Amino acid sequence: MEKQLILSVKGLEKTFGDNKVLKGVDLDVYEGDVVAIIGPSGCGKSTFLRCINCLEDPTGGTIMFQGEDLADMKVDINIHRQKIGMVFQQFNLFNNLTVLENITLAPVTIAKKNRKKLRQEGKTISEVKAEAETRAIELLKAIGLEEKAEAYPSQLSGGQKQRVAIVRALAMNPKVILFDEPTSALDPEMVGEVLDVMKDLAKSGMTMVVVTHEMGFAREVSNRVIFIDEGVIAEENTPAEFFGNPQSERLKSFLSKVL
């Protein structure tokens, strides 16, 4: 069966002042894809993700998602952002909220903003909150953190915080999740627990775009690996070919330093 096209990026450009960070990036992401993006620091990897999630306004190009161009300033990005989850390097949890409150905040807030839809569905805010909490507990149980539901982020390890951040993204039932170097802020012994959650997500069929320094993850879990260098996709291939038979001297040089 043919895979559904989830996300289509064409000619994406982003300039900060005189610095052109992205110079025309094309990428199609299909349902169930796990796309690993690697490259040197400053090459535009994180900026690429931030443009997709509308945290940065592209300078040029298109980002087609659910039939609309997210790069078009007239599009209501908040509607689409609900279906594009994002997991950051630094967790971005609210320290004054419990784990459960962090996870349920977005679904409940969105329901409050869309009371007309609630009335059409015959639901109350209290019912939405109860459903969100049930879903959150199920997700926490799946990653072994059910007992931390009432804990605050300051009471969690780095690995636990990142797993909660992943659950927070999942709570919105996204079509795709973007990961921006999700293990780079973790102590080495905590990296594995986060990667295990991501591997389970990939097995479940979640569509994922992952900026990462973890070459083992890129090799084992992704179905496509992309090398961004100086603002362009310099090479793209299956993991076996990408790591086993790199085509460009630039990629060969990069891999020789990180493998």
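Nothing here was measured: the structure is a model prediction, and the numbers come from that model.
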- Smallest heavy-atom separation, Ile103 atom then Val167 atom, equals CD1-CG1, 3.5 Å

- Would Phe242 end up clustered with Phe217 when hydrophobic side chains under 4.5 Å apart are linked, directly or stepwise? no

- Message: Side chains of Asp69 and Thr62 only: does a donor on one sit below 3.5 Å from an acceptor on the other?
- Response: no

- Message: Could you go through Leu22 and Glu56, starting from their C-alpha distance and side-chain angles, then the distance that decides it, and tell me whether this counts as side chain to side chain contact (heavy atoms under 4.5 Å, CB included)?
- Response: CA-CA 12 Å; Leu22 298 176; Glu56 297 284 358; over 6 Å; no

- Message: To the closest 0.5 Å, what do you measure between OG1 (Thr207) and NZ (Lys3)?
- Response: 8.0 Å

- Message: Main chain of Cys54, side chain of Arg81: is a donor-acceptor contact present, judged purely on distance under 3.5 Å?
- Response: yes

- Under 3.5 Å, side chain of Thr134 to main-chain N/O of Ala130, donor-acceptor pair present? yes

- Query: Does the Glu241 side chain pair with the main chain of Thr238, one donor and one acceptor, at a distance under 3.5 Å?
  - Reply: no

- Do the non-hydrogen side-chain atoms of Leu255 and Ile38 ever get within less than 4.5 Å of each other? yes

- Query: Parallel, tilted or perpendicular for Phe254 and Phe227, by the 30°/60° rule?
  - Reply: tilted

- Does Gln162 use its side chain to pair, donor to acceptor, with the backbone of Phe88 at less than 3.5 Å? yes

- What is the distance from atom CG of Asn78 to atom NE2 of His80, rounded to the nearest 0.5 Å? 10.0 Å

- Message: Tell me the closest heavy-atom pair linking Asn173 and Lys83, and the distance in Å.
- Response: O-NZ, 3.2 Å

- List the steps, then state whether side chain to side chain contact (heavy atoms under 4.5 Å, CB included) holds for Arg135 with Glu131. CA-CA 6 Å; Arg135 166 90 169 140; Glu131 288 175 4; over 6 Å; no

- Task: Answer yes or no: is there a side-chain heavy-atom contact under 4.5 Å between Phe48 and Leu27?
- Result: yes

- Message: Which heavy atom of Lys14 sits nearest to which heavy atom of Asp57, and what is that distance?
- Response: NZ-O, 2.7 Å

- Message: Are the side chains of Phe179 and Val194 in contact, using a 4.5 Å heavy-atom criterion?
- Response: no

- Task: Could you tell me whether the side chain of Val164 reaches within less than 4.5 Å of the side chain of Lys148, counting heavy atoms only?
- Result: no

- Query: Side-chain contact, heavy-atom cut-off 4.5 Å: Val128 with Glu121?
  - Reply: no

- Message: So does Glu214 get a backbone contact from the side chain of Thr212, meaning a donor-acceptor N/O pair under 3.5 Å?
- Response: yes

- Could you grab the distance from atom CZ of Arg50 to atom CG of Asp180, nearest 0.5 Å is fine? 8.0 Å

- Item | Side-chain donor-acceptor contact under 3.5 Å, Thr109 with Lys113 | no

- Query: Within the side chain of Asn53, is there an N or O that forms a donor-acceptor pair under 3.5 Å with the backbone of Leu55?
  - Reply: no

- Item | From CZ (Arg168) to NZ (Lys161), nearest 0.5 Å | 12.0 Å

- Query: Which is it for Leu251 and Asp229 under the side chain to side chain contact (heavy atoms under 4.5 Å, CB included) test, yes or no, and what are the steps along the way?
  - Reply: CA-CA 9 Å; Leu251 179 56; Asp229 187 41; over 6 Å; no

- Heavy-atom closest pair (Ile63 atom, Val9 atom, distance to 0.1 Å) is CG2-CG2, 4.3 Å

- Item | Glu230/Lys23 ion pair, N-O < 4.0 Å | no

- Task: Verify, without hydrogens or angle tests, whether Thr59 (side chain) and Thr15 (backbone) share a donor-acceptor contact under 3.5 angstrom.
- Result: yes

- Message: Test of understanding: clusters of I, L, V, M, F, W, Y form through side-chain heavy atoms closer than 4.5 Å, transitively. Do Ile226 and Met208 belong to the same one?
- Response: no

- Message: Run Glu150 and Leu100 through side chain to side chain contact (heavy atoms under 4.5 Å, CB included) and show every step you take.
- Response: CA-CA 6 Å; Glu150 298 303 325; Leu100 187 62; 3.7 Å; yes

- Message: Check this for me: does any side-chain nitrogen of one of Glu138 and Lys141 sit under 4.0 Å from a carboxylate oxygen of the other?
- Response: no

- Message: Quick one: does any side-chain atom of Asp33 pair with a main-chain N or O of Tyr30 as donor and acceptor, under 3.5 Å?
- Response: yes

- Should the pair Asp28-Lys10 be classified as a salt bridge under the 4.0 Å nitrogen-to-oxygen rule? yes

- Heavy-atom pair with the smallest gap, counting every atom of Val21 and Thr47: CG1-OG1, 3.8 Å

- Answer yes or no: is there a donor N or O on one side and an acceptor on the other, between the side chain of Lys45 and the main chain of Pro40, under 3.5 Å? yes

- Query: Does the distance from a Lys or Arg side-chain N to an Asp or Glu carboxylate O, for Glu235 and Arg250, drop under 4.0 Å?
  - Reply: no

- Message: Tell me whether Leu178 shares a hydrophobic cluster with Val225, the cluster being built from Ile, Leu, Val, Met, Phe, Trp, Tyr side chains joined at under 4.5 Å.
- Response: no

- Do Met198 and Leu170 belong to the same hydrophobic cluster, where Ile, Leu, Val, Met, Phe, Trp and Tyr are linked whenever their side-chain heavy atoms lie under 4.5 Å apart, directly or via other members? yes

- Query: Mind checking whether Ile37 and Phe65 sit in one hydrophobic cluster, side chains of I, L, V, M, F, W, Y counted as touching below 4.5 Å?
  - Reply: yes

- Query: Taking all non-hydrogen atoms of both residues, which atom of Val34 and which atom of Ala202 are closest, and how far apart?
  - Reply: CG2-CB, 3.7 Å

- With the side chain counted from C-beta on, respond yes when Leu145 and Val99 share a heavy-atom pair under 4.5 Å apart, and no when they do not. no

- Does Gln155 use its side chain to pair, donor to acceptor, with the backbone of Tyr152 at less than 3.5 Å? yes

- Reported CD1-to-CG distance for the pair Ile77 and Asp72, which is rounded to 0.5 angstrom: 11.5 Å

- Item | Spacing of CE belonging to Met172 relative to CD1 belonging to Ile177, to within rounding of 0.5 Å | 11.5 Å

